[in-house]
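Okay, structure first, notes after.
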Amino acid sequence: MEKDYNPRDIERRWQRFWEELKLYRAPEPPRRKYYVLEMFPYPSGKDLHMGHLKNYAIGDTVARVKMMEGYDILHPMGWDSFGLPAENAAIKFGVHPKEWTYSNIEGFRSQLKRLGISYDWDREFATSDPEYYRWTQRLFLLLYERGLAYRKGGWVNWCPKCKTVLANEQVIDGRCERCKTPVVKKKLTQWYFKITDYAERLLRDLDKLEGHWPESVIKQQRNWIGRSEGTEIVFMAEDLPIRVFTTRADTLFGVTFISVAPDGPVIDAILERVSPEVRELVEEYVQQALLTSPEERTESKTGVFTGLYATHPFTGESIPIYVADYVLGEYGTGAVMGVPAHDQRDYEFARRFNLPIKFVVFPPDDDESSLEEFFKAVCDEVSDGEEFSIEYRGRRFSCRIKGAYEGKGILKNSGEFTGLTSDEAIRRIGERLREMGLGGPTVSYRLRDWLVSRQRYWGAPIPMIHCERCGVVPVPEEELPVLLPEIENFQPEGRSPLENVPEFINTTCPKCGGPARRDPDTMDTFVDSSWYFLRFTDPHNDRQMFSPERANAWMPVDQYIGGAEHATKHLIYARFITKVLHDAGLLAYDEPFANLFTQGLVLMGFWWCKECNRRIDEEELYDVKVVGTQKVGYHDTPEGPHEVVWLVEMMSKSRGNVVPLGPFVEEYGADAARIAILFAAPPEQDFEWTDAIRRSAINFLNRVWRTFYALREAGVEARVEPDLSSDRELLVAVNRAIVGVREDLSRFKFNTAISKLMVLLGELKVGRYSHGNLGWAAQIFVRLLAPFAPHMAEELFHEFSMDSLLGEKTVFRTPLPEPLEGVVEEEESIGVQINGKTRGSITVPKGATEDEVLRMLREHPKLGKYLAGREIRRVIYVPGRLINVIVV
RNA sequence: GCCGGGAUGGCGGAAUCGGUAGACGCAGGGGAUUUAAAAUCCCCCGGGGUAAUCCCCGUGUGGGUUCGAGUCCCACUCCCGGCACCA
């Protein structure tokens, strides 16, 4: 054993050893399976940084613990390698997206290998491999066959300057990511997946995940799906039914107008019917509204009267119809009934267009607090003869109306429903409408269908053909994959780059054999990642997406680990696709991820100049001071000094604040990087990378090495069993570590698990205990260390011949140490309180009775005085914890 | 605005069920070793008072429940996420 810890040699040696042993190969079929998965990365560059590592370090620790618990592990890795950055790189550097992507993958893979993460590399794939996207295309066809993929004209984000469609993620604060131009809506026919068909199941099955997924992710998904029970009400505008959705059918008699969305489903029918005089005005407004970016809209309510009227289903009144952009075209029915008295948005709209305000819901007379709430919401100032008056306890109050009353109450002026409570009225009105055939109770969801078309090159082509004679025809399954052609120009032109490739676009119709065109769009990359965890169970299958036997043998993923930012994207899409495949009979299970852990971010502080839009080095700074809570300084530029601020943000290449892993691992080793990340903070929490974290990890590993070197020098040899007759303190310390580390591991508390190893390490001192028991303690320590610092543990395992001692080639085939029988602590220190105030502590035999403790307390040299000559009123004794004596 | 999460020493954090607040680490201080430095090892390290012994205060703020509150309840402040004209 060398005197100095040399991670480079050690880590290389054991990485090679594990590979030769095929330690990470997932057996087929598994006996006792455990599937650990970290969200696979987008290969965004050649180098990994500390931010990436956190995800993999957590996953690897889990995998190694489960390995030591005797499970057959599936722990795969691959690449989410389609996506926009590859095209941007092509435009910027002139490298083909494919070349750029695959060389990044090389970089990522070799760095992950150098970190010693326990992946089964035989199962690796990239979503941009034709052998993979062939099956992504098959998935698309499967959805199409099941009526879950459809085409519709939709309003998409459009940058008028770049003349291109933008993906949602390219729209930053309502502006184009690249040129900062406000984004507008453009109508395009696109492919959608009908995820809304699954809204109810996606919501309901969240109950199954309760306790296994972070509560916050479940809540975010519930909100995102946004189930809302309400009533659909049909207002007939002569022959045209205007359907509205409302949760407050009780306010139906307060309707004074109807608003339809400029991009809603009824707008075209309305435009057809408006009279020639106002047609131009209305059309202009609709155009205008669609060109206005959402952020510009929020200021004040706008709209236009269509000249049309609809009939109130109960009163028969004529209700004017407006087009207004505060109504969302994609939610509910794309039209609302305007009740200014009971909805603040309708109120604001009514004010602007001088529409009447009719109050129909009032708080009950005997409920003072809701009456107070009513006046607070509605009345500006009490004055006579103004717009609104209410009689309350025989007095008449008049006031100017300030806003809407959105609370519930008792109905007035509501025909046959007058006198009912809001909830009762909602029920009865719903029933009546149903009888009348003019709507009824219904459920609406916030969730929208999933737009999957992208006018992009670097993605999986949509396997559809457009034939003039036959319409939309799917590509026959045996012709998959529809290969991405090689092209040169990736400059966006407002349509897919594939449109410019005649040999791709022009094809023949599979149905009639006539000339036809391929769909020019590619799929959203979230489609790629919505089923990759299934492909890992059968990655080389060239006849199917995966074989149901293999998938069912490994699924569901037992532990999924990733960032919380995917709560309402990837994690919903993956659940949806899993359910579809379940319904198609390909999967036994309909939830993909049995347990989810969301790790926190790795943050990094840095100096940033907003004017230069770049990171500033410490050396360029001067006049650094603290203003309020903000650290500021200056740096010189040709234009004079610029202010520089200290920011703490997520590590990312674009901010230039990364700590690259390559050099770190070269200098300090993979084990140090892992320990640093895991010890710094609990893994679910964000933390800022600092040099102190690096130091603590390196100190610890060096201390481990020195301690074992000293044991070796002293001739200590590893032992399987302890000698229970001596070294009580050591036995207790080891047992405490075993119990503590196991407990912490089960709750992902890696930081405290490592701190318990540090405490145990402090006991492994030559001379303090017998060599036999030190050798046993060392052996236990190595096995507890293994999930966190696998290379170091494997080295010490062999250095102390634990392989032959325990009959296993590797520490990872030995079980995680079990708590010892019969090692109990004989004494314990408990807290002493007098009248509830902590006065010190006392050491008592374990299991001492209250009387024994009291006797010891009376005789105690320091604490005895508190009891001397006083009467004991009450004693609260919590064995092992404290004793509280109440005296007078 | 609505829905989550959080606030503990100089710093990262610990305290699992209401039971000795500050484990473990970083920084700092003192000592040993060394010609010296680095490295290493040992000790101290929330604040205030005190000669000592001890005493008082202390987990964002203000109240409450309890023998006992970082932990539970009510009100509030600030920070960090998510959603946001969803009818």
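For the numbers below, each heavy atom of this structure counts, side chains included, while hydrogens, waters and symmetry mates do not. Chain letters run A, B, ... following the sequence lines, proteins first, then strands; residues in each count from 1.
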Choose from B/C3, B/A23, B/A87 the nucleotide whose nearest atom is closest to any side-chain atom of A/T752.
B/A23
Students often mix this up, so state it plainly: with edges at 30° and 60°, are the rings of A/F257 and A/Y322 parallel, tilted or perpendicular?
perpendicular
Between A/R703 and B/G25, is there a side-chain N or O to OP1/OP2 distance below 4.0 Å?
yes
Just how far, in rounded Å, is P of B/C85 from CD of A/E330?
12 Å
Would you say a side-chain N or O of A/T838 is under 4.0 Å from OP1 or OP2 of B/A21?
yes
Provide the Watson-Crick or G-U wobble partner of B/G10, both distances under 3.5 Å; none if there is no partner.
B/C26
At 4.0 Å (heavy atoms only), tell me whether A/N751 reaches a base, stays on the sugar-phosphate, or touches nothing.
sugar-phosphate
Say we look at B/U20 and B/C74: how far apart would their P atoms be, to the nearest angstrom?
25 Å
Are any of A/Y331's side-chain N or O atoms less than 4.0 Å away from OP1 or OP2 of B/A87?
yes
5' precedence on RNA chain B between A/R695 and A/G831 (nearest-nucleotide basis)
A/G831
Need one value for A/I886: base, sugar-phosphate or nothing, where a base atom within 4.0 Å counts as base even if backbone is also close, heavy atoms only.
sugar-phosphate
Side chain of A/L882 only, please: which of B/A23, B/C56, B/U20 is the nearest?
B/U20
Using a cut-off of less than 4.0 Å, is there contact between a side-chain N or O of A/R446 and OP1 or OP2 of B/G82?
no
All heavy atoms of A/I677 vs all of A/A57, minimum pair found to be CG2-CB, 4.4 Å
Of the candidate nucleotides B/G19, B/U40, B/C26, which contains the atom at the shortest distance from the side chain of A/R706?
B/U40
Tell me which nucleotide among B/G13, B/U16, B/C85 gets nearest to the side chain of A/P682.
B/G13
Just call it for A/R448: base, sugar-phosphate, or nothing, with non-hydrogen atoms closer than 4.0 Å on any strand.
base
Is the base of B/G29 syn or anti, where syn means the angle lies within 90° of 0?
anti
Can you tell me the Watson-Crick or wobble partner of B/U35, both distances under 3.5 angstrom?
none
Which nucleotide, if any, forms a Watson-Crick or G-U wobble pair with B/G1, using both distances under 3.5 Å?
B/C83
Base, sugar-phosphate or nothing for A/K3? Non-hydrogen atoms, less than 4.0 Å.
nothing
Roughly how many Å is it from CZ in A/F750 to P in B/A23, rounded to a whole number?
23 Å
From CG of A/D686 across to P of B/G12 the rounded distance in Å is 14 Å
Does A/R873 reach a base, just sugar-phosphate, or nothing at all? Heavy atoms under 4.0 Å.
nothing
Base orientation of B/C17, syn vs anti, 90° cut from 0:
syn
Could A/D343 and A/R248 be called an ion pair, given the rule that one side-chain N must be under 4.0 Å from one carboxylate O?
no
Just N and O in the side chain of A/K219: are any of them under 4.0 Å from OP1 or OP2 of B/G82?
no
Output yes when A/D207 and A/R222 qualify as a salt bridge under the 4.0 Å nitrogen-oxygen rule, no when they do not.
yes
Please determine if a side-chain N or O atom of A/K765 lies less than 4.0 Å away from the OP1 or OP2 oxygen of B/C42.
yes
Strictly below 4.0 Å, N to O, side chains only: are A/R352 and A/E348 in salt-bridge contact?
no
Distance, P atom - from B/U61 to B/U8, rounded to whole angstrom:
10 Å
What is the minimum heavy-atom distance between A/L757 and A/F781, and which atoms define it?
O-CE1, 3.4 Å
Output the rounded distance in Å from CG (A/N699) to C1' (B/C41).
13 Å
Find the distance A/K837:NZ to B/G19:C1' and express it as a whole number of Å.
16 Å
Ignoring backbone atoms, establish whether A/S228 has a side-chain N or O less than 4.0 Å from OP1 or OP2 of B/A87.
yes
Determine the interatomic distance between C1' on B/G28 and the same-named atom on B/G10; round to the nearest Å.
9 Å
Of B/C24, B/C67, B/A87, the nucleotide closest to the side chain of A/L328 is B/A87
Heavy atoms only, 4.0 Å cut-off, all strands: where does A/E688 land among base, sugar-phosphate and nothing?
nothing
Length of the CD1-P vector between A/I225 and B/A84, whole Å:
14 Å
Which residue, A/S841 or A/S216, contacts RNA chain B at a nucleotide closer to its 5' end, judged by nearest heavy atom?
A/S216
When the P atoms of B/G81 and B/G13 are compared, how many Å lie between them, rounded to an integer?
16 Å
Please tell me which of the listed nucleotides, B/A87, B/C24, B/G19, lies nearest to the side chain of A/V759?
B/C24
Starting at atom CG of A/D4, determine the distance to atom P of B/A39, rounded to an integer number of angstrom.
14 Å
B/C56 and B/G60, which share atom name C1', separated by this distance in whole Å
22 Å
Under 4.0 angstrom, heavy atoms only, what part of the nucleic acid is A/N884 near: base, sugar-phosphate, or nothing?
base
Inter-nucleotide C1' distance (B/G47, B/A38), Å rounded
35 Å
Checking all strands, does A/K756 fall into the base, sugar-phosphate, or nothing category for heavy-atom contacts under 4.0 angstrom?
nothing
Rounded to the nearest angstrom, tell me the gap between atom CD1 in A/I675 and atom C1' in B/C26.
16 Å
What distance, rounded to whole Å, do you find between the two C1' atoms, one in B/G19 and one in B/U71?
11 Å
Nearest to the A/Q220 side chain among B/C24, B/G82, B/C54, which nucleotide is it?
B/G82
Should the pair A/Y326 and A/F349 be assigned to parallel (<30°), tilted (30 to 60°) or perpendicular (>60°) ring geometry?
tilted
Base, sugar-phosphate, or nothing for A/R222, non-hydrogen atoms under 4.0 angstrom?
nothing
Compute the ring centroids of A/F679 and A/F700, then answer whether they are less than 6.0 Å apart.
no
Strictly below 4.0 Å: does A/Q685 bring a side-chain N or O up to OP1 or OP2 of B/G6?
no
Do A/K301 and B/C85 share a donor-acceptor pair, side chain to base, under 3.5 Å?
yes
Can you tell me which nucleotide in B/A87, B/G12, B/A23 comes closest to the side chain of A/F679?
B/G12
Which base sits across from B/C76 as a Watson-Crick or G-U pair, both distances under 3.5 Å?
B/G60
Would you classify A/Q833 as touching base, sugar-phosphate or nothing, given that sugar-phosphate means primed atoms plus P, OP1 and OP2, and contacts are heavy atoms under 4.0 Å?
base
If you compare every side-chain N and O of A/R874 against the phosphate oxygens of B/C67 (OP1, OP2), does one of them come in below 4.0 Å?
yes
Determine the interatomic distance between C1' on B/C17 and the same-named atom on B/C24; round to the nearest Å.
24 Å
Please state whether the rings of A/W689 and A/F664 are parallel, tilted or perpendicular, taking 30° and 60° as the class boundaries.
perpendicular
Sugar-phosphate only, base, or nothing, as touched by A/Y866 at under 4.0 Å among non-hydrogen atoms
sugar-phosphate
In terms of relative ring orientation, are A/Y573 and A/F526 parallel, tilted or perpendicular, with 30° and 60° separating the classes?
tilted
Which nucleotide in the set B/A87, B/A14, B/G19 lies at the smallest distance from any side-chain heavy atom of A/R881?
B/G19
